[in-house]
Amino acid sequence: MLLWNTSRLAVAVVLLALPGYGATYTVRLLAGSDWIGDGGPARDALLFQAEGVAADRDGNLYVSDAQANRVRQITPSGVIRTVVGTGVAGFAGDGGLATEARLSAPYGLAVDAVGNLFIADLGNRRIRRVGRDGTISTVAGDVPFRAPRNVAVDTIGTLYVSDFESGSVYRIGASGIASVVALLKFPAGLAVDRNGTLYIGETGTHFVRKLEGGAVRTVATVQSPTGLAFDAAGTLHIADGNGGGIFRVPVTGTAAPLGIAARDVALGPSGVLFSTDGRMIRRIVATGNTVMAGPGDLARGDHGLAVEARLHHPSGLALDGGGNLYIADRDNHRIRRVDLRGVITTFAGSGLAGNSGDGGPAAVAALNQPAAVSFDEAGFLYIADQGNGRIRKVSPSGMISAASSMPRPADIFLANLQTDVALPPLTTIIADKNGVLYAASLEQGRVWQLTPPVISPDVATLISIVNAASLTGPLAPGMLARIEGVAFEEVRFDGIVAARVSGEVVVIPAQVKTGTVQVEIGSTRVDVAVVGAAPGLFVAVNEDGSVNDAGHAAERGSALVVYGTGQGVEDWPVVVRIGGYDSEVLYSGGVEGYPGLWQVNVRVPSGFFVPGSLELTVAVGDAVSPALTVQIR
């Protein structure tokens with residue numbers, strides 16, 4: 001008996017089983033949310049890029065989150081909520097509710113004496129105002145702002161704006177007319193003292209300037225004065241965004257530093273100082289400081305529903321044998337697991353970036369930006385630990401260790417995917433054995449499930465069950481059959497479960513009798529014809545192991561291996577004809593490890609035999625296969 005490597009054929013069979021992409025998929029969010037903490041304690045909330053802070057007379061604190069395109073409010077009781085912006089960058093909403101408007105990278109904030117909130121909407125090159133009724137509008141939209149960075153308002157309602165890129169500081173009076181009051185090098189922080197004098201943080205020169213009587217003079221020097229605020233005693237507080245934290249400049253005396261990093265500062269009505277460092281808001285009093293809001297948990301949600309959890313740039317997906325989904329939650333430095341109930345947990349990674357833990361439990365090991373995951377046949381999960389430049393593997397018992405290589409993730413690139421819900425750009429797509437797809441969106445922090453349509457019984461005629469090689473009927477016991485037109489978990493032929501090979505290909509049970517057979521696919525019933533033998537051919541392989549094609553012809557007199565299916569289970573004679581000539585059959589039978597696959601080894605005729613492109617057929621009893629073209633030289 002002659003046997004050759006069947007790996008090429010295995011690939012061919014798998015390709016035949018890939019899901020069809022012409023159907024419309026139903027999309028369901030599987031994991032990931034927009035949770036930022038609104039409605040709950042500010043201490044638990046997420047702040048991504050908190051740039052500006054301001055306080056109103058009622059003790060509410062306002063925080064601009066430039067990256068999240070929102071302005072948040074923190075009440076005196078510590079509850080946080082979004083008061084401006086939807087979280088989507090853009091310009092929209094003037095004349096309507098601020099909560100339904102769009103901002104683009106909001107920076108500086110200020111509140112006037114009557115409670116109007118002013119926002120330096122930097123990305124939109126505008127100053128926006130939110131009235132006490134919650135309506136948003138544009139202030140002085142005709143001013144050619146290039147990068148409005150900060151705002152300040154005095155006791156009579158005069159508004160000041162620092163334009164970082166143009167170097168201009170504007171004054172906007174009650175009439176809405178803007179005038180330039182100073183030209184400086186990258187002005188940022190602004191504040192007005194109790195006498196109505198304007199102070200400007202000039203980041204390009206590292207000076208804090210005082211504008212009085214048309215003259216500009218220096219009052220302090222710090223590395224990057226991005227935020228300014230005065231207290232009731234007249235002390236100037238300077239947020240040094242890139243330097244030593246907060247500096248206090250009293251009316252008399254020298255500047256004194258506070259060892260607290262800050263990008264902006266604000267004074268509340270009770271004299272409490274508030275600061276932001278980008279991720280956290282601090283409440284600063286004489287006895288010390290406390291975190292008032294942020295930084296929150298970007299991996300929030302373990303042991304709860306995955307659709308309510310946070311993911312931070314999910315970049316890889318894998319499915320285990322039980323259908324549980326594993327997510328490479330890259331920037332959370334974790335592998336997250338979503339079980340069949342939809343509950344999410346951390347499977348590997350402590351959440352702190354690092355490179356430790358080999359030989360111990362995966363849940364307490366340190367990973368660094370894991371980018372991809374994949375399972376092997378033994379149930380080991382392999383992790384591409386990108387930040388560490390390593391491959392790690394986790395055993396079925398949950399122990400982590402180093403690995404030398406990684407099975408390639410089964411990513412599928414979809415050219416014609418159609419869905420009834422618009423999807424964002426996708427990073428990774430994998431498919432399960434039923435053709436259900438799982439897709440990750442890196443930027444949106446989401447994982448989606450895409451399910452192909454299930455064909456109902458009244459359209460059962462759309463279902464096709466054919467020979468997986470010839471793609472025609474009829475069927476035969478033990479044959480590899482391809483099922484198209486329906487997604488399925490299990491298929492039964494006259495009540496007998498068919499083994500699934502991959503995707504849409506199953507093995508028709510050998511016990512099935514000939515005649516009309518009922519096939520059950522979920523709630524759908526289809527009648528099919530089953531005969532004793534219905535041979536179909538996949539491919540021919542030359543004696544040297546190469547696939548027979550135009551560039552790899554078989555020698556006359558050599559052995560040729562033909563792979564097919566549908567020979568049936570009866571011991572009927574097998575006849576092979578090449579170019580119309582009977583050829584010697586060396587072997588006919590199954591292929592170990594490939595249920596339903598049939599192998600026929602045949603000797604190519606020689607001598608008088610004319611070479612070229614010839615038709616090869618295999619007959620089993622009276623049933624003859626469709627012709628397979630082979631090349632002979």
Item to check | Sole residue of R336, R300, R334, R337 in salt bridge (Lys or Arg N to Asp or Glu O under 4.0 Å) with D329 | outcome: R336

Which donor-acceptor pairs under 3.5 Å do the side chains of residues 308-315 make with protein atoms, sequence neighbours left out?
| unit_1 | atom_1 | unit_2 | atom_2 | d |
| --- | --- | --- | --- | --- |
| R310 | NH1 | W35 | O | 2.8 |
| H313 | ND1 | D331 | OD2 | 2.5 |
| S315 | OG | A371 | O | 2.8 |

Checklist entry - Okay, side chain of D385, backbone of N368: is any donor-acceptor separation there less than 3.5 Å? => result yes

Checklist entry - Okay, side chain of S374, backbone of P407: is any donor-acceptor separation there less than 3.5 Å? => result yes

Next on the checklist: So, using side-chain contact (heavy atoms from CB on, under 4.5 Å) as the criterion, who are the partners of Q67 when residues are at least two apart?
Outcome noted: F48, Q49, D65

Item to check | Residue of the set D432, L437, V436, V27 for which side chain to side chain contact (heavy atoms under 4.5 Å, CB included) holds with Q449 | outcome: V436

Item to check | Ring center gap for Y563 and Y594 short of 6.0 angstrom | outcome: no

Next on the checklist: Could you walk me through whether T345 and H303 satisfy the side-chain contact (heavy atoms from CB on, under 4.5 Å) test, starting with their C-alpha distance in whole Å, then the side-chain angles of each, then the deciding distance to 0.1 Å, before giving a yes or no?
Outcome noted: CA-CA 5 Å; T345 53; H303 309 293; 3.6 Å; yes

Sub-4.5 Å side-chain heavy-atom contact between [X] and [Y]:
X	Y	value
S588	W598	yes
I36	R70	yes
I400	L367	yes
V575	V585	no
N467	L480	no
L47	R72	yes

Checklist entry - More than 12 foreign heavy atoms under 6.0 Å from CD of E615: is that the case here? => result no

Checklist entry - Judged by modelled atom types alone, do N548 and N542 share a side-chain donor-acceptor pair under 3.5 Å? => result yes

Checklist entry - So H552 and V547, side-chain contact (heavy atoms from CB on, under 4.5 Å) or not? Walk me through it. => result CA-CA 7 Å; H552 302 86; V547 173; over 6 Å; no

Next on the checklist: The test is side-chain contact (heavy atoms from CB on, under 4.5 Å); show your working for N69 and V88 and say whether it passes.
Outcome noted: CA-CA 6 Å; N69 304 296; V88 179; over 6 Å; no

Item to check | Listed once per pair and sorted, the ring pair (Phe, Tyr, Trp, His ring centres under 6.0 Å) pairs that draw on residues 462-511, sequence neighbours left out | outcome: none

Item to check | Trace of the side-chain contact (heavy atoms from CB on, under 4.5 Å) decision for I344 with D302 | outcome: CA-CA 5 Å; I344 192 168; D302 274 357; 4.3 Å; yes

